[in-house]
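Structure record follows, encoded as structure tokens.
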Amino acid sequence: AQKVTQAQTEISVVEKEDVTLDCVYETRDTTYYLFWYKQPPSGELVFLIRRNSFDEQNEISGRYSWNFQKSTSSFNFTITASQVVDSAVYFCALSDFNKFYFGSGTKLNVKP
Amino acid sequence: GAVVSQHPSRVICKSGTSVKIECRSLDFQATTMFWYRQFPKQSLMLMATSNEGSKATYEQGVEKDKFLINHASLTLSTLTVTSAHPEDSSFYICSAATGALNTEAFFGQGTRLTVV
């Protein structure tokens with residue numbers, strides 16, 4: 001069975017601090033996709049990144065970076081120099097043939 | 001990316017009534033659509049998978065007679081919450097996918113249902 005664990009329920013940081021959101025997953029599949037989504041209070045899911053199981057290369061996009069390690073089944077997300085606008089709930093998810101399994105989410109509070 | 005439109009974005013209904021939520025793929029044909037439910041401060045949980053032209057597949061614990069899903073065309077799936085109760089109040093969100101895009105799925109904006 002697929003499972004995604006986000007152990008951090010809520011994180012509070014002060015603006016400009018770096019913050020890492022953890023994600024650990026379980027799957028027996030050899031081919032799968034991992035995602036991160038941002039969910040602001042309005043509710044819609046904002047796509048951040050997709051990674052397939054064969055691509056362990058880390059990725060950086062502006063202030064965002066992702067560290068994918070198959071050896072530890074982790075797909076962590078780091079925000080550098082956090083901003084108040086980064087405040088939201090962040091979900092890590094695993095996709096199995098388009099069916100998504102979400103973690104419980106991490107609420108990030110960035111204070112000015 | 002592809003666009004999925006969900007309507008309405010918010011709805012308030014009285015207990016005992018039914019409410020329909022639409023999920024449309026605007027610029028692609030979706031052979032498969034998924035419906036998720038999110039209770040306040042909780043994660044998104046898959047409710048059902050709908051395939052165009054066939055019956056939906058429901059996840060364990062989801063009442064198929066209460067949550068009616070229809071996927072009559074390649075661009076539209078509907079979720080009808082029948083005989084709604086206050087405990088059905090939740091955020092419902094759909095996603096749509098095509099076989100051509102493989103494991104690429106696109107989410108609608110979500111529908112916040114409040115049953116009073």
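Order of the sequence lines fixes the chain letters, A, B, ..., with proteins taken first and strands second; residue numbering starts at 1 for each chain.
For a residue to count as touching a neighbouring chain, one of its non-hydrogen atoms must lie under 4.5 Å from one of that chain's; by this rule Ser42(A) touches chain B with the backbone only. Proximity to chain A involves both the backbone and the side chain of Leu44(B), based on heavy atoms less than 4.5 angstrom apart. Heavy-atom distances place no part of Gln6(B) under 4.5 Å from chain A, backbone and side chain included. Residue Thr32(B) does not touch chain A at all, counting heavy-atom pairs closer than 4.5 Å. Contacts between Tyr37(A) and chain B at a heavy-atom distance below 4.5 Å involve the side chain alone, from C-beta outward.
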Q | side-chain contact (heavy atoms from CB on, under 4.5 Å) between Leu79(B) and Cys23(B), intermediate numbers included | A | CA-CA 8 Å; Leu79(B) 168 68; Cys23(B) 180; over 6 Å; no
Q: For Gln38(B) and Gln39(A), run side-chain hydrogen bond (donor to acceptor under 3.5 Å, both in side chains): C-alpha distance rounded to whole Å, both residues' side-chain angles, the deciding distance at 0.1 Å, then the answer.
A: CA-CA 12 Å; Gln38(B) 183 182 28; Gln39(A) 188 180 45; 2.8 Å; yes
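Below 4.5 Å, heavy atoms of chain B meet heavy atoms from Gly103(A), Ser104(A), all part of residues 103-112 of chain A.
Remark: Arg10(B) CZ is loosely packed, at most 12 non-hydrogen atoms of other residues, nucleotides or ligands lying under 6.0 Å away. Atom NZ of Lys20(B) has 12 or fewer heavy atoms from other residues, nucleotides or ligands within 6.0 Å.
Side chains of Thr31(B) and Glu52(B): a donor-acceptor N/O pair is absent below 3.5 angstrom, by distance only. Residues Thr20(A) and Thr78(A) have side chains that bring a donor and an acceptor to within less than 3.5 angstrom of each other.
Using a distance-only test at 3.5 Å, with no hydrogens or angles considered, a donor-acceptor pair links the side chain of Thr111(B) to the main chain of Pro8(B).
Between Phe75(A) and Trp36(A), the ring planes lie tilted relative to each other; the angle falls in the 30° to 60° range.
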